[in-house]
2 protein chains.
Amino acid sequence: MDSSTDAVARELLDVIPVIMRTIRSEMRSHRSNELTVPLFRSLMFLEQQPGVSLQELAGHLGLTSPSVCKIVDGLVAHSMVKRQHSNTDRRKITLALTPEGQNVLDEARTNTQARLADRLASLSAEQCEIVFQAMKIIQPLFRPAGDKIPAGEIKI
Amino acid sequence: MDSSTDAVARELLDVIPVIMRTIRSEMRSHRSNELTVPLFRSLMFLEQQPGVSLQELAGHLGLTSPSVCKIVDGLVAHSMVKRQHSNTDRRKITLALTPEGQNVLDEARTNTQARLADRLASLSAEQCEIVFQAMKIIQPLFRPAGDKIPAGEIKI
DNA sequence: TATTGTTATACTCTATAACTATA
DNA sequence: TATAGTTATAGAGTATAACAATA
């Protein structure tokens, strides 16, 4: 069993960086949406969890507060995100997508997903299913600390 | 079938960046080997393909020549890689691991793999197998252009 | 003239440290 | 005093453009 997890670890180390580079470059190559991976992930998280604080977003992204503060600055400057002071604790901020942010997210997701799907086109239904299941299996193991499971997914 | 590849694409977009961040941070957190992901991948490639040129390495990494030139500078400065002029075409260079580079690679691979394997420890044998197969399925779809399949793997 | 590698320069992403405002 | 967020500054990592040497 140990040798098996080692083999999987070796494969992950081999394959993940290559996929990541593709995702990055495909996200960049689409001219209309100048989203980087962290910006894209921020918008996705705010769609799932509207009203979160900066620290909650930082926890999800696995980045420090200053880094996320700058990311949010950019998103606010481009009118994709609304930043407000919390009513209950005025030190905190609450973050949410604007309608424009939702549009940008929808477009970016559609485009990037379509390009990834193109690469997967040669897979059989069985192979697709294996990859799909693998992602579902791996995801919880790498979830950043402090990242809550969205309420809609608790179902177990 | 289309909805299936779309679903897989969505999962990849969700999960890959998170795994990538973990790989990065685990690689950095181990103090003795200060290898970044691209440095690590360079060493791995030179182990498989000793004697390659800078452009071949750049093709494998999916980076531009100037970027790879700087990476190689660093590896040479740290005595991990030997850089020589080619005899047949003196514009070209040939790159190869030094014994020290091999040691650094071995240690980094062992450590990083072990940490990843720790995260996978809770998986059942079946789950391991699914993830393993998924990586094998995905890998060829995302191989960078100009990246040759290592001679030892042609076997088919 | 085209190709291989290098140097010069700049931009993005991220981090640590220091600061402000609120609790 | 502790916490949430911000600002200031610095260090990777990458790219494009310009250059040198060789073919």
Side-chain angles (χ1 to χ4, degrees), chain A residues 17-18 20-29 31 33-43 51-78 81-96 144 146, chain B residues 17-18 20-29 31 33-43 51-78 81-96 144 146:
Chain A
V18 181
M20 190 61 197
R21 177 162 310 283
T22 303
I23 291 177
R24 248 185 245 287
S25 73
E26 301 216 329
M27 208 164 265
R28 286 249 175 66
S29 67
R31 278 283 147 257
N33 54 283
E34 289 292 317
L35 289 181
T36 62
V37 172
L39 294 184
F40 181 73
R41 293 192 65 223
S42 300
L43 295 180
V52 293
S53 69
L54 189 137
Q55 296 228 332
E56 286 168 318
L57 177 57
H60 172 74
L61 298 173
L63 301 176
T64 60
S65 331
S67 301
V68 178
C69 186
K70 272 182 75 172
I71 287 174
V72 170
D73 282 347
L75 292 173
V76 169
H78 287 77
V81 164
K82 188 174 54 178
R83 172 170 44 189
Q84 289 180 308
H85 278 285
S86 162
N87 292 324
T88 60
D89 182 342
R90 289 183 43 75
R91 290 173 302 182
K92 288 193 181 180
I93 60 174
T94 63
L95 298 167
Chain B
V18 181
M20 189 62 196
R21 175 161 313 282
T22 303
I23 291 177
R24 248 185 244 285
S25 73
E26 301 215 329
M27 207 164 264
R28 287 250 175 66
S29 68
R31 278 283 147 257
N33 55 285
E34 288 291 317
L35 288 182
T36 62
V37 171
L39 295 185
F40 181 73
R41 293 191 66 223
S42 300
L43 295 180
V52 292
S53 69
L54 188 137
Q55 296 227 332
E56 286 168 319
L57 178 56
H60 172 73
L61 298 174
L63 301 177
T64 60
S65 329
S67 302
V68 177
C69 186
K70 272 181 72 173
I71 287 174
V72 170
D73 282 346
L75 292 172
V76 169
H78 287 78
V81 164
K82 188 174 54 176
R83 172 171 44 188
Q84 289 181 306
H85 278 286
S86 163
N87 292 325
T88 60
D89 182 343
R90 290 183 44 74
R91 290 173 303 181
K92 288 193 181 181
I93 59 175
T94 63
L95 298 168

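Within every chain, numbering begins at 1; the chains are lettered A, B, ... in the order of the sequence lines, protein sequences first and strands thereafter.
If you check every strand for non-hydrogen atoms under 4.0 Å, B:Arg24 touches nothing.
Applying the side chain to side chain donor-acceptor pair (under 3.5 Å) criterion to A:Ser86, with sequence neighbours excluded, gives A:Thr88. A search for side chain to side chain donor-acceptor pair (under 3.5 Å) contacts involving A:Thr94 returns nothing, not counting sequence neighbours. Listed by chain and residue number, nothing satisfies the side chain to side chain donor-acceptor pair (under 3.5 Å) test with A:Thr22 (two or more places apart in sequence, or in another chain). Residues satisfying the side chain to side chain donor-acceptor pair (under 3.5 Å) test with A:Thr36, not counting sequence neighbours, are none. Residues meeting the salt bridge (Lys or Arg N to Asp or Glu O under 4.0 Å) test with B:Arg91, sequence neighbours left out: B:Asp89. For the salt bridge (Lys or Arg N to Asp or Glu O under 4.0 Å) test, no residue two or more places apart in sequence or in another chain qualifies with A:Arg24.
Applying the salt bridge (Lys or Arg N to Asp or Glu O under 4.0 Å) test to residues at least two apart or on different chains, none of the pairs has a partner in residues 63-72 of chain A.
For the pair A:Thr64 and C:dA15, the criterion of a side-chain N or O lying under 4.0 Å from OP1 or OP2 is met.
Using modelled atom types, no side-chain atom of B:His85 and backbone atom of B:Ile93 make a donor-acceptor pair closer than 3.5 Å.
The footprint of chain A on DNA chain D, defined by a heavy-atom cutoff below 4.0 Å, extends from D:dA2 to D:dT14.
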Sequence-aligned protein contact record of nucleotides 1-12 of chain C, with B where the base is within under 4.0 Å of a protein heavy atom and S where only the sugar-phosphate is
-BBSSBB-----

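Each of A:Asn87 and A:Val37 was matched to the nucleotide of DNA chain C holding its nearest heavy atom; the match closer to the 5' end belongs to A:Val37.
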